> 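I'd like to ask you about the structure that follows.
On a predicted model such as this, the values are computed, not experimentally measured, just so you know. What's counted below: heavy atoms across the whole structure, side chains too, no hydrogens, waters or symmetry copies. All residue numbers in this chain count up from 1 along the given sequence.
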Amino acid sequence: MKRLLMMLVRGYQRFISPLFPPTCRYSPTCSAYMLEALKKHGAIKGTLMGLARIGRCNPLVHGGYDPVPDHFSLKRNKKAEMAYLKEMNLR
């Protein structure tokens, strides 16, 4: 099941995504996030995490860095974002 879902996401990345201008508010992109969530957390939890991320991707959010957390969560990975911002300010 996980492999099928990953193939669907890769198909989207290859055939559908190039037809539209890049508009993702997050890094990594929502499709890359979905692939990573599927790899780390399996078919059910990974799909839920990816769908939650897509649901957060709207004009009312500022976006930014939001990697897949190591533990299952449907919320934004604020701890990783803060660490990333802190590291970027030190450079």
> Among residues two or more places apart or on two chains, list those pairs meeting side chain to side chain donor-acceptor pair (under 3.5 Å) that have a residue in residues 3-27.
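Those involving residues 3-27 are Gln13-Ser31.
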> Through direct or indirect side-chain contacts below 4.5 angstrom among Ile, Leu, Val, Met, Phe, Trp and Tyr, which residues connect to Phe15?
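Once heavy-atom contacts under 4.5 Å are chained together, Phe15 still belongs with nothing else.
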> Would you please name every residue forming a side-chain contact (heavy atoms from CB on, under 4.5 Å) with His62, sequence neighbours left out?
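Partners of His62 under the side-chain contact (heavy atoms from CB on, under 4.5 Å) test: Arg76, Glu81.
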> Going by the side chain to side chain donor-acceptor pair (under 3.5 Å) test, which pairs reach into residues 38-58, not counting sequence neighbours?
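Passing the test, one end in residues 38-58: Lys40-Asp70, Arg56-Asp66.
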> Taking atom CD of Glu36 and atom CE of Met6, what is their separation to the nearest 0.5 Å?
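Those atoms lie 8.5 Å apart.
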> Do you reckon Leu35 sits in the same ILVMFWY cluster as Ile16, going by side-chain contacts under 4.5 Å, direct or chained?
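No: no chain of side-chain contacts under 4.5 Å links Leu35 to Ile16.
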> Of all residues at least two apart in sequence or in a different chain, which pass the side-chain contact (heavy atoms from CB on, under 4.5 Å) check with Pro28?
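Pro28 satisfies side-chain contact (heavy atoms from CB on, under 4.5 Å) with Ala32 only.
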> Report the hydrophobic cluster partners of Val68, with the cluster defined as I, L, V, M, F, W, Y residues connected by side-chain heavy atoms closer than 4.5 angstrom, directly or transitively.
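Once heavy-atom contacts under 4.5 Å are chained together, Val68 belongs with Tyr33, Ile44, Leu48, Met49, Phe72, Leu74.
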